[in-house]
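Throughout, protein chains are lettered first and strands after them, A, B, ... in sequence-line order, and every chain is numbered starting at 1. Fair warning: this is a prediction, and the values are worked out from it, not measured in the lab.
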Amino acid sequence: MKDKQLHSTSKKRSGFRKLWPRSTSRKILLIILFVLFLMSGGFIVVSEQNSFCNSCHIMNPYYASWQSSKHSEVRCLDCHVQPGFDGHLQSKINGLAQAVDCLLDRMSTKPNATITDSSCLRIGCHDENALISQPDEFPKDYKSRFTHKGHINVELNGMILSCATCHSHFEGEEHFNVNTQVCYICHFLKAEKNASPLVETKCQNCHDVPSEPAKRGSVEIDHSIFVDNKSDCEKCHKQQVEIVSDVSEAICLNCHDFRKPRDMVSSEIHESHFQGEKVECLACHQVLKHESVPKLNFTNMLDSENFHSGFSSPCDSCHSDPHAGQFNETCDQCHSEQDWKLLQLADMHEANSIFPLIGSHLTVTCEKCHNLPHENAKLAEAQFVDLPGNCSDCHQDPHSGQFTQNCDQCHIENGWKGRWVNDAHDQNAPFPLKGKHAQAECQLCHKPSQPDAKLAEAHFADLPRNCNHCHEDPHNQQMQRSCETCHTEHGWIGSDLLFSHNKHSEFSLDAIHDDLDCFSCHSSADKVVYRPLLGTCSGCHTDIDDYLLGKSPFVEVSPDPHSGRVTCTGCHMVDQPSQSPAEYAQRCANCHNQHYQDLFYDWSKSLHNRQVQAEKSLNNLREKNIDNIDDLIEKCNLAKIVGLHNLSLSHQLSSKALQDSK
Amino acid sequence: MTKFSRQFNNFKAILLIIVLAMTIVIVGCTSFEKLTKITEEFPRAQECGNCHVDIYREWSDSPHARAFTNPHYRDATNEYQFTDCLGCHTPEPEITASPPLPRTIFRDEGVTCVSCHLEEGKLSGPIEPTGKVAPHPIDVDGEQYRNSRFCGRCHEGTFTEWDSVTMEDKPTCQQCHMPTIKRKITQAKGFLSKMIVAMEEEVHQKQHVFAIVPDNLPTDPFTIHLTGNENSISLTLHNHLAHSLPTGDFGVRIVVLEVLAINKQNEATPIGKYELVKELGTALAPQSSREWLLQIPPETKSIRIRLFRHGLDKTNVMELLNTEMPLL
């Protein structure tokens, strides 16, 4: 606007001379003209002030960006008006025309201005030769190299590049700086997919190869190797270039209220918009992106199958040896190009090492054996070569040196615990586990020193093998034979018991004793007694022995004549479970004479009768709450038990009970 | 009798005799008739003893008199509950029955007079009548009463032993257990009876003592024979009896052989004690011997051998032999 006003002022001034009158009022007119002349002169001075340009409100953003730009010391007109009178005049006319447009409200909201190369290259400003010969200093973060050579006075597809072609952007703080987007339009924009861009561009046209090795993890990358190997930069550096070139018709409508003529080709549009009226490239073309993927991903680089194809350099050209020269082999003996870490270590361990990985060694982390030299070290720095390979080099001996054998005598690599393949308890071992022992928990015999200690710390070597080392003797040392005489490892009791009373004890179980409960003989005062037990009848039947001797809790009589003279088996048959009265009678007769058969019956009957009598009397007494009734009943019952073992005693007992009841 | 007639050979005397004789006959015929009747009222031993005084006294102290009343029998039959035993412990007067039948009355007399001597209305015995008058019918059967079989009706086992023994001059039961004595059959207590008894002749007859261990046997029933040296001896006991030692079918009879070593200070040390029991098979068979080997303690001077018998009651001991023999 300001610019246009400047132009219009210069137009008024040139018309004044043509309209100069010759009448008397010439003086007045002359005075008026003179005043106007003075005013014009003043306006020229005013209108060429930078602040005048900003007097129009739409200029505010451009003015602000100019103020903060490097050209803030340069007046607006110095650039926007061509050098020389013609340029100056033309600017005045343009300014006037703009003033008219403004008055007629024909102003576009989009201001448009151009700067000719002559403005830039004017004496005292930029020198073309100097620009071409001098390399440009770019800000460091540009990471690219640029030279004006090749960009000045160059024709591209009918378009002649000017300074303003690149130094085009003038919004915000970018006033007059180069927007690299403009570079990309020529260097990368393609008319169609797979077509060539306007300018064939290679990475190294702009980017230098880094002279310092780049560090990526453990790998130092010396880019000179890639250059020597003529490797494509894009193998590593994925560039991201959007190459959409289509300019939609909608963009035209941003400026024009008409449609683009259909037959208008690219060159015609560029001629009018580029060569004629300078329109910024990005006004029509969309923003392009040419930038590195934000973070260079090493893994992605390696994903490329052919990354190393064509490489002839040894690995250590790029890769420092993390193993510190431990290996004589080439890297590819172990590592593949697919991945450095996902090595098939098992196979490698199998093929190349003296220590094939089997079983649990397959799942253990490498660091367990290949100790890291310090806390933050990487696995590759660990020792790999000349490891001794003994179990004890990695494993502590949990058995505290109990065993002189090698570990592999008992343990295999498939697992340490549980039932081992090389079982120390196998069938040929000194203590093979059979029967219940096979199911028993190890700790039952191999007792840990402390309750929460591990099994391995328990006592294993030279453990006594006798039963009582682990088992408490439930018989309280009453047995004289060894445990295995009667017990097997398949079970202790029931059908597994080997014990046979007739075979292992000194007392054969005859027909009388065969069905007896064990505790009938083997219990005394709530204790189980096996020894000492007399194998004689009186060993158990002590009461009968007493009766034979005439002793009882109530009365004492003389010993029965059989006592001490006739053994129990003299009367009692042990070869049959029960003995009939006739058989007892016959037994009497065997020693005495036939009359004793009758005597036996006589005695049996008479004792029974007396017993019945006594019981009857006692039953009658029972209802009368007699004090010593229990005593009498006990006597009566005892008489029944004594029976023929001592006729005198049983007689006395039942008679006494009978008498007392009366 | 002939002396008597010589001393009173006059009329008065003859008249007196006739009167007395008639009196005796009258009294005898009336008062002793019941003795021979087999009714419920058997003659009691006391009644027999009125005349047979000596025999009655002997019997009264004999085991036969105590056959029923002795406490061992009472205990052994559980207060007389068993009828099987009664036949021998209270036999009826029927000699021919074997074993005898039990009496139903005055059982407390055990084996009483009539048990052996009343048969078919007569009082029977082995000796011919010695008196001038017989107050009761008499039957004489010497063979029966002198035979061991007569005893063997009850003493079955002992008789069997005796019967099976072959020996020279084998004594019968009666020969040893009923010693012979020469005396009158009856003894007088009153005036009249004295006169009648006075007419009897003394005869050899059997004492009714029935001694378990008879005295005055003609030969030693047991002899001991010792051989050996001062360290050990062999002791042999000979049983010269015609039955075993001990013998008997019922009750408890135990013979003990006790051997004691006597040293120079006359101190006795038991060195052997052995029981002989028939039921246990350890009884010494008739006419047999048994040998025991014994260790002799040092300084033994002699050996004392005791042989004694006891029953259930050990305090009632009958000594059979007690001799001291010098060590060879």
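Taking both residues in full, the closest heavy atoms of A:Pro559 and B:Leu312 are given as O-CD1, 4.1 Å, listed atom of the first, atom of the second, then distance. What you find for B:Gln81 and A:Ser606 is that their closest heavy atoms are OE1-CB, 3.3 Å. The shortest non-hydrogen separation linking B:Leu280 to A:Val566 is CD2-CG2, 3.7 Å.
Between A:Asn593 and B:Glu279 there is no side-chain heavy-atom pair separated by less than 4.5 Å. With a 4.5 Å cut-off on side-chain heavy atoms, B:Glu156 and A:His595 count as touching.
Aromatic ring orientation, A:Tyr596 versus B:Phe250: parallel (interplanar angle below 30°, classes split at 30° and 60°).
Contacts between residues 492-513 of chain A and chain B, counted as heavy-atom pairs separated by less than 4.5 Å, involve no residue at all. For residues 629-651 of chain A, the interface with chain B (any heavy-atom pair closer than 4.5 Å) comprises A:His651, sorted by residue number. For residues 65-78 of chain B, the interface with chain A (any heavy-atom pair closer than 4.5 Å) comprises B:Asp75, B:Ala76, B:Thr77, B:Asn78, sorted by residue number.
Interface residue A:Asp598: backbone and side-chain heavy atoms are both found under 4.5 Å from chain B.
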Mind running side-chain contact (heavy atoms from CB on, under 4.5 Å) on B:Asp84 and A:Asp602 for me, showing each step along the way?
-> CA-CA 9 Å; B:Asp84 306 334; A:Asp602 287 339; 2.6 Å; yes
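With a 6.0 Å radius and a threshold of 12 heavy atoms from other residues, nucleotides or ligands, B:Glu291 has its CD atom above the threshold. The 12-atom threshold is not exceeded at NE2 of A:His608, counting heavy atoms of other residues, nucleotides or ligands nearer than 6.0 Å. For B:Lys170, the NZ atom counts as densely surrounded, since its 6.0 Å shell holds more than 12 non-hydrogen atoms of other residues, nucleotides or ligands.
Judged as a ring pair (Phe, Tyr, Trp, His ring centres under 6.0 Å), the pairs with a partner in residues 523-555 of chain A (not counting sequence neighbours) are, in order, A:His475-A:Tyr530, A:His522-A:Tyr530.
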